Amino acid sequence: MRKIPLLATLTLAASLLAAPAAQAADYPFQNPSLPVEQRVDDLLGRLTLQEKLGLLHQSQAAIPRLGIAYHKNGTEALHGVGWSNDLNDKWSQKFASGTVFPQAVGLASTWDPALIKKVGSAVGDEVRGYNAVDPTLWGLQVWAPVVDLLRDPRAGRNEEGYSEDPLLTGAISTAYGKGLQGDDPFYLKTAPVLKHFLAYNNETNRGTSSSNLTPKLKHEYYEQAFKAAISANAATGVMASYNLVNGRPNHVNPDLGTTVRSWTDKTLYNVSDAWGPYALTELEKYYDNKPEAFAAVLKAGLDSYTIDDSNAGPLAEQLTAALDQGLITQADVDRAVRNVLTIRTRLGHFDPDGGPYKKITKDVINSAANQRLNREAAGKAAVLLRNNCVLPLSSPKSAAVVGPLAGGLYSDWYAGKLPYQVTPLDGIKERVADVSTGAGLERIALKHLASGKYITATGTGPDDNAALVDAAPTAASQWDLTDWTGGVSTLRNAGNGKLLGGDWRSLDTDDDQPNGWYIQQQFALERQSDGSYLIRYAGYENVEGWYGLPDPYVTVSADGTLGLAPKAQAAKFGKEVVSDGVAAAAAQAAKAEVAVVVVGSHPFVAGREFHDRANLQLGEGQRRLIEAVRKANPRTVVVLETSYPVVVDAPNLLWTTHAGAETGHAVADVLFGAVNPAGRLTQTWPASDNLPSIYDYDLAKTGMTYLYGKDKPLYAFGHGLSYTSFGYQGLTVQGDKVSVKVTNTGKVKGDEVVQLYTHQHESRFQQPVKQLRGFQRVTLNPGETRTVTFTLKKSDLAVWDYTRGKWAVESATHDVLVGSSSDKIRLSTTLRVSGESIPVRDLTRTTRAMDFDDYSGVAFADETKSGGEAVEGSAGDWISFTRASFGSRFTAGVSSVSGGAIELRSGSPTGALLGTVQVPATGGIYQWGTATASVKAGTGNLYLVFKGDLRIKDFALTRS
């Protein structure tokens, strides 16, 4: 294989800037009347190796000789057009300023796929509008939707996902994806890519942590969210995630090229996450060199490398080396390029007229129609958590609208800039003549106890270090304290209006908002036993290995400037309240007819991408504000605006996510009854922070999500109230149809979200407490009755039979449950399903160790770097195989660095010893050998107990 010379590699990078030349001739690949396969074959045959390798990069060079324009993957479009990277400025994100819809978790809270398809279509239109303005910057492959299942509310990217439930996630992602793609049977408005495959739901240590997936949960839970949209042809590929699954990095997960592609007969175009291929050698140390790693990425089923910004040269160099070393073949390259070209053909890139969606212009961006749709979506997403007969508000003459989120809106990392803002305060002012307001914050001064001087802002530039200057508080040494969530606060200077921030080792006030990658404006005021405070610096960069200052605190240098140092050197401060915004808000509330307290989270503070949350507590200052205002005015409504569940309660509580520019209109629409709330929670809100490790993905063991949770939550999955009431009658099951009559028994028009659940009684396998099988959002006038019908097929009730490696429908009785939430089942009946009985496990056949029934202490590991899974254990760990029949000759595939043994026991990990198998040292974890021994044959529950550090991939207990 001829290696691409360095000059050619540099030319490849430089050609990114080249504009396509005028077409000298019409080629078959440019002929829209030909089948896509023929067009792609023609173009593939015309490309040089250099050009092919360039197409495997996220930033794809123009090919002037063929009239092919530059293309870049990865416009962010999670809930509106977000941002893209500029070809000509690799350090710069270019933000859109179009319609910013509610965050993804809010869109899902509508439980309304038809609406979500409209939202997706509007976003797709705006992507096309931006592409019409600047096709180089705004590519048409969009990285959305995110279908990561929200199995832990502490995960930093909670706002990006839809639900903890795979069926609901699949329905919403399918709707959004179909909207993004458009309705043309061939051409794509945009090419949506699902993020992030697979089992990615923790941010801390995301590049090195391994998600432990049992085969049952992998197939029944984690894969389903991706399978739904792919099998419905609502997405054109998946993005690999940063984490590992069962010991193998997802960027080389072989399921990308096999399982994922088996879900559809359409061509998929799978992509890496940013820097992911480099992580294989530089972070995870999974491969020894980059050619090996890059070859493995390609062979696993990824078609695009998101690395080196817009420079495809390094990719070409590494893949050329891989070709020269025989790690990949030309056929491997062609297979991936074929996937690239197929999707680009469907985007109209090679059509003379650009395809039917090329006609969309910039006029669609932030159009009046999209603004109206945004308001509708935000209103339908709002969830009424509690109502003590205060809502809806009935023409109050006065209102106090207070709280840190009353007069402002925030967007998140994956949103564009808000083109305008309607705040909750704005929305309420449109309906109430006399409105008073205030942020409800403490204004404090922080006195250095050793010197008696106060922390003072000295300017608004990066070199204007905060210092101990004022001997008595002035505006420059007064700070508005916002306690957000999880004990993390921001401090805004009263004099210059800027936030205090940690400028690496010093502190200054030069930022308006916390909205970069490293949020350096986060602090925690830690009260000491003597009443003084230490100020912990909570900037995001302090967890980076290069930061070199673990557990940083504010300290004072000899010249009085502030800096950061280890806790042992932390300075002590007194906290003096200069003005009490909480008391002021309570006073306003006491004078008003009604009070609205708007509290919540900041999307960039106390948890976000790369950072999980320590807990789910609303900030102490915000809690005091709620309590004070409620005490002053019993007619108080709390509007909670967060990206994730928080532990907070109030008699009248409305939740909204950060819902975009129309947030204030939507909130007011609900508060005053113009919109009857029908949003429903898409994830469980725990009652406390007493949660299992965020790294434990085994829901069946941890009891996370409504599927396996048995503790009473603060608010259940599917919960949400209305201003009217609904009655349920006549639940019937006939064939594959489940029907129920739903009546609006109240006095106003409203929407009900009718939810269908089932629970299987008898099973060979552990079953969920209940499982969502269908839902419909229906609108009913007062007194109106409608029959709601669901399709429930026998195949829908299949379970993953890991004893035989296939789906199976068991003979069993199922509860059929219909209600308004997972904890409010209104009617139930039973359904007897005729299926099969899972036979006794025949362990005389070769059995994969991962197909255990239960386990303790073990880790799930990779058998080889390219495929397979094994169980890794140490002394005392075990796996079990229940209801089994086994012989007396034990043979196992094992690996071990130092050697060890496996005890076979009956009934329990400490039960009768059936035999001991010595495991020799094999030379390494990927060096597999065979261990054999004679044991006692039998039936029942078999336990394999580890003695020493070793791995087992499979075994058989044959009969002598």
Side-chain angles (χ1 to χ4, degrees), residues 165-168 170-171 214-225 227-228 231-232 259 262-263 699-700 705-708 710 718 728-742 754-776 787-819 822 825-845 847-848 851-854 881-885 939-941:
D165 181 77
L167 184 142
L168 178 57
T214 64
K216 187 173 191 295
L217 284 173
K218 175 184 175 181
H219 290 294
E220 292 182 0
Y221 184 75
Y222 290 103
E223 286 183 347
Q224 292 306 310
K227 183 178 181 180
S231 62
T259 302
S262 75
W263 294 331
L699 308 178
T705 78
Y706 83 96
L707 289 159
Y708 294 97
K710 296 181 180 179
Y728 287 66
Q729 317 90 34
L731 175 63
T732 62
V733 180
Q734 292 185 337
D736 61 1
K737 302 299 181 184
V738 178
S739 297
V740 64
K741 293 180 180 179
V742 182
V754 186
Q755 301 165 38
L756 171 67
Y757 298 86
T758 66
H759 169 69
Q760 181 173 331
H761 285 202
E762 311 88 10
S763 178
R764 167 66 175 77
F765 314 103
Q766 182 179 358
Q767 291 297 321
V769 175
K770 59 175 66 77
Q771 185 169 355
L772 184 70
R773 298 297 187 180
F775 62 91
Q776 290 187 39
T787 298
V788 177
T789 301
F790 301 96
T791 299
L792 181 64
K793 298 178 182 178
K794 182 176 177 178
S795 59
D796 294 337
L797 302 174
V799 298
W800 181 252
D801 175 10
Y802 52 80
T803 71
R804 296 179 295 171
K806 67 175 188 176
W807 292 97
V809 177
E810 297 179 281
S811 293
T813 299
H814 294 255
D815 290 328
V816 178
L817 314 164
V818 175
S822 63
I825 301 302
R826 307 293 293 276
L827 294 174
S828 66
T829 187
T830 58
L831 171 66
R832 183 65 190 175
V833 174
S834 176
E836 61 178 314
S837 295
I838 308 301
V840 170
R841 295 196 77 157
D842 182 4
L843 299 183
T844 66
R845 300 177 179 178
T847 299
R848 298 296 302 183
D851 289 329
F852 48 72
D853 284 285
D854 200 3
F881 300 82
T882 60
R883 304 182 195 178
S885 172
T939 59
N941 299 340

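Predicted model only: the values in this text are computed from it and were never measured. In what follows, every heavy atom counts, from backbone to side chain, and hydrogens, waters and symmetry copies are set aside.
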For this session: Please name all residues satisfying side-chain contact (heavy atoms from CB on, under 4.5 Å) with Gln224, sequence neighbours left out, ordered by chain then number.
Result: Pro166, Lys227, Trp807
Exercise. Is it the case that Tyr757 and Asp815 place a side-chain donor and acceptor less than 3.5 Å from each other?
Worked result: no
For this session: Can you measure from CG (Leu217) to CG (Leu699) and round to the nearest 0.5 angstrom?
Result: 5.5 Å
For this session: Decide whether Thr789 and Ser739 meet the rule of one side-chain donor and one side-chain acceptor closer than 3.5 Å.
Result: yes
Exercise. What distance separates Gln734 CD from Leu831 CG, expressed to the nearest 0.5 Å?
Worked result: 12.0 Å
Seminar exercise, completed: Residues Asp801 and Ala808: closest non-hydrogen pair is CB-CB, 4.1 Å
Exercise. Is any side-chain heavy atom of Thr803 closer than 4.5 Å to a side-chain heavy atom of Phe881?
Worked result: no
Problem set entry | Any side-chain heavy-atom pair of Glu810 and Gln767 under 4.5 Å | yes
For this session: Could you pull out the closest heavy-atom pair between Tyr706 and Val769, with the gap in Å?
Result: O-CB, 4.2 Å
Problem set entry | Side chains of Leu707 and Gln771 in contact at under 4.5 Å (non-hydrogen atoms) | yes
For this session: Give a yes or no on this: more than 12 heavy atoms of other residues, nucleotides or ligands lie within 6.0 Å of atom CZ of Arg832.
Result: yes
Exercise. If you measure from CZ on Phe790 to CG on Asp736, what distance do you get to the nearest 0.5 Å?
Worked result: 13.5 Å
Exercise. Can you tell if the side chain of Val799 reaches within under 4.5 Å of the side chain of Gln760, non-hydrogen atoms only?
Worked result: yes
Problem set entry | Contact check, side chains of Leu797 and Leu792, non-hydrogen atoms, under 4.5 Å | yes
Exercise. Can you tell me how far the OG atom of Ser837 sits from the CD atom of Glu762, to the nearest 0.5 Å?
Worked result: 10.0 Å
For this session: Please say which of Asp165, Leu167, Val788 ends up in a side chain to side chain contact (heavy atoms under 4.5 Å, CB included) with Phe775.
Result: Leu167
Exercise. Does the side chain of Thr939 reach to within under 4.5 Å of the side chain of Val840, using non-hydrogen atoms?
Worked result: no
Exercise. Can you name the one residue among Val816, Thr732, Leu817 that meets side chain to side chain contact (heavy atoms under 4.5 Å, CB included) with Val738?
Worked result: Val816
Exercise. Roughly how far, to the nearest 0.5 Å, is the CG atom of Leu827 from the CG atom of Leu756?
Worked result: 11.5 Å
Seminar exercise, completed: Note: Thr758 and Arg773 closest approach over all heavy atoms is OG1-NE, 2.8 Å
For this session: Indicate the atoms forming the closest heavy-atom contact of Gly835 with Ser811, along with that distance.
Result: N-OG, 2.8 Å
Problem set entry | Nearest heavy-atom neighbours spanning Gly170 and Ala228 | CA-CB, 3.5 Å
Problem set entry | Heavy-atom check, side chain of Tyr802 versus side chain of Phe765, under 4.5 Å | yes
For this session: Using distance alone, with no hydrogens and no angle criterion, decide if Thr791 and Lys737 have a side-chain donor and acceptor under 3.5 Å apart.
Result: yes
Problem set entry | Electrostatic pair Lys216-Asp853, nearest N-O below 4.0 angstrom | no
Exercise. Can you tell me how far the CZ atom of Arg841 sits from the CZ atom of Arg883, to the nearest 0.5 Å?
Worked result: 11.0 Å
For this session: State whether the side chain of Lys794 and the backbone N or O of Val833 hold a donor-acceptor pair below 3.5 Å, judged by distance alone.
Result: no
